[in-house]
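One-based numbering, in listed order, for ligands and for the atoms of each. Since we're looking at a predicted model, the values are computed, not measured.
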Amino acid sequence: MIDAATIRKDFPLLERRYGDTPLVYLDSAATTQKPNSVIDAISTYYRETNANVHRGAYRLADEATTAYESARTKVAGLINARSSSEVIFTRGTTAALNLLALRWADHLLSEGDRILLTLMEHHSNIVPWQLVAQRTGAELVYLDITPDFAIDLDRLDEVLDERVKIATVSGMSNVMGTIGPVDEITKAARAVGASVIVDGAQLVPHMPVDVQALDVDFLTFSAHKMLGPTGIGALWGRGELLDAMEPLEGGGEMITDVGLYESRWAPIPHKFEAGTPPIAQAVGFGAAVDYLVDLGMDDVRAHELDITAYALDRLAEVPDLTVYGPQDPARRGGAVSFELADIHAHDLATILDEEQGVAVRAGHHCAKPLMRHLEVPATARASFYVYTVPEDIDALVIGLMRAREIFGIA
Ligand code: 7TS
């Protein structure tokens, strides 16, 4: 089991205080804090190994290339990819989904085809598909949300027919915490010959993910939501699909030969990594994966179940508080959105910050279609990770009670 109180010591930022008030960081769905091992890996890389990759004829450049490629191997291992060449480093989830939209969906789809999404998608898994639809004439269709904050699978058979060529679904909602029904959607999509993309930005950091067992076609995720640095993430795809895709960007590193009028592409993954890649970030990503693997992804999930159950219990003690998400921790992750009476989420977040040093996110969480469906303009959201302790939740609850006093709620 994870002892969050002990592993917190690995995270220097969690020692921050605002004067006498300790920081209580409850915004890990936006980005996680970084352990010393990740910070040190990046710093050591720059101090000892920095050189450009894949082109040096000297030892330092070889070492940098090995560091970069070994990060890829670690990321591939985390998700049980068949080969590390199926892992493309991208700027993050958003860049990975846009790459798929531009270089895969654009060529696959034409007028009358459909893309299946759910109402709980993040904007980065909606807007690229709207752009695809505009370019190709394909249509978007959405699976609804049930009153208990699950994806409504009742209409799946009705919505999924041969016109659907792509189903793209969040593995876990960044607003409600709901775990996406990836298995059910994948089975149904396969039956009509559709391909499946999983937006794993909130899934991969929080539980074991095995792309071979999931049987999906593509998975996207971001390092910064799983203890790693910003500026890097991954697109995993089935090798044969990635092989068939055209590169997005042209430039150095992505070719085997360049003539005056045409060029030959390097094999995957390099075909999709034009230019000098984010080498130090990759090294940090690899160190983050090492840290998570050491903890054990089963234990990461077990801790999330515990802390989320504790949070839901404690939040139930706060009068006039509405939680927008499943009550059963087994059906959700540790992103908990809520509204307190009619206090605007931004005011609530400001009070939590000023009174208790509690950092929560407030707003639409880049999921406006979902917010409209829930009929709320904004929510406050507390989100947890491996270092979250019950005391963090207690501070949140004290802050919420204090907000009731400030707003004169009887
Ligand atoms: N998909 C989901 C489910 C997300 O939660 C996010 C980021 C993204 C995609 C985009 O990831 P990026 O790394 O490319 O930005 N979610 C959030 C959030 O909830 N608060 O800030 C960012």
Side-chain angles (χ1 to χ4, degrees), residues 25-34 75 88-102 117-131 142-143 145 149 151 167-182 185 196-207 209 216 218-236 248 278 281-282 284-285 288 304 324-325 332-338 345-346 349 359-371 374 376 378-385 388:
Y25 187 73
L26 292 178
D27 198 16
S28 290
T31 197
T32 62
Q33 297 305 339
K34 320 303 174 197
V75 173
I88 316 292
F89 283 133
T90 65
R91 205 167 24 83
T93 303
T94 304
L97 290 166
N98 277 281
L99 194 166
L100 286 177
L102 284 161
L117 307 94
T118 81
L119 270 186
M120 72 175 190
E121 302 309 316
H122 186 276
H123 293 167
S124 64
N125 199 26
I126 298 175
V127 185
W129 307 113
Q130 292 175 344
L131 293 170
Y142 287 88
L143 287 174
I145 310 280
F149 309 103
I151 300 297
T168 182
V169 53
S170 172
M172 190 190 284
S173 162
N174 67 318
V175 177
M176 306 180 295
T178 304
I179 295 173
V182 172
I185 290 180
V196 181
I197 300 169
V198 175
D199 168 2
Q202 301 290 348
L203 182 71
V204 176
H206 297 279
M207 60 179 70
V209 171
V216 298
F218 298 102
L219 174 73
T220 62
F221 48 108
S222 299
H224 72 95
K225 293 187 197 290
M226 46 194 291
L227 310 178
T230 52
I232 192 163
L235 164 65
W236 168 84
L248 180 61
Q281 290 85 338
F285 194 0
E304 182 149 287
Y324 294 95
R332 56 151 37 253
V336 182
S337 279
F338 52 85
H346 285 117
V360 297
R361 185 162 176 196
H364 54 67
H365 314 293
C366 301
K368 281 202 158 195
L370 174 61
M371 304 305 280
L374 297 174
V376 282
T379 66
R381 180 192 68 188
S383 53
F384 320 133
Y385 207 31
T388 307

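Between the CE atom in M371 and the NE2 atom in H365 there is a gap of 5.0 Å [rounded to 0.5 Å].
In summary, of the residues considered (D199, T168, T93), a side-chain hydrogen bond (donor to acceptor under 3.5 Å, both in side chains) with N125 occurs for T168 alone.
Closest protein heavy atom to atom 19 (O) of ligand 1: R381 NH1, 2.6 Å. At the shortest separation from atom 5 (O) of ligand 1 among protein heavy atoms lies Q202 NE2, 2.7 Å. Here the protein heavy atom with the shortest distance to atom 4 (C) of ligand 1 is H122 CD2, 3.4 Å. With hydrogens left out, the protein atom closest to atom 15 (O) of ligand 1 is T94 OG1, 3.8 Å, a heavy atom. Nearest to atom 21 (O) of ligand 1 among the protein's heavy atoms is R361 NH1, 2.8 Å.
Between the Q202 side chain and the G171 main chain, no donor and acceptor come within less than 3.5 Å of each other. T178 places no side-chain N or O within 3.5 Å of a backbone atom of M172 that could act as its donor or acceptor partner. Here the side chain of E304 pairs a donor or acceptor atom with the backbone of G334 at under 3.5 angstrom.
Atom numbering of ligand 1 starts at 1 in the shown order; those under 4.0 Å from a heavy atom of S222 are 11 (O), 12 (P), 13 (O), 14 (O). Near A29, meaning under 4.0 Å from one of its heavy atoms, ligand 1 places the atoms 17 (C), 18 (C), 19 (O). Proximity to T93 (heavy-atom distance under 4.0 Å) selects the following atoms of ligand 1: 9 (C), 11 (O), 14 (O).
The shortest non-hydrogen separation linking P229 to G284 is CD-C, 3.6 Å. Residues K34 and L227 share a closest heavy-atom pair of CD-O, 3.4 Å.
In this structure, S124 has a heavy atom closer than 4.0 Å to ligand 1. Residue contacts with ligand 1 include D199, since one of its heavy atoms falls under 4.0 Å from the ligand. Using a 4.0 angstrom heavy-atom cutoff, R91 does not count as in contact with ligand 1.
Every side-chain contact (heavy atoms from CB on, under 4.5 Å) that D27 has, sequence neighbours left out, goes to Y25, A30, R361, R381, S383.
Here atom 17 (C) of ligand 1 lies nearest to K225 when heavy atoms of M120, E121, K225, H365 are compared.
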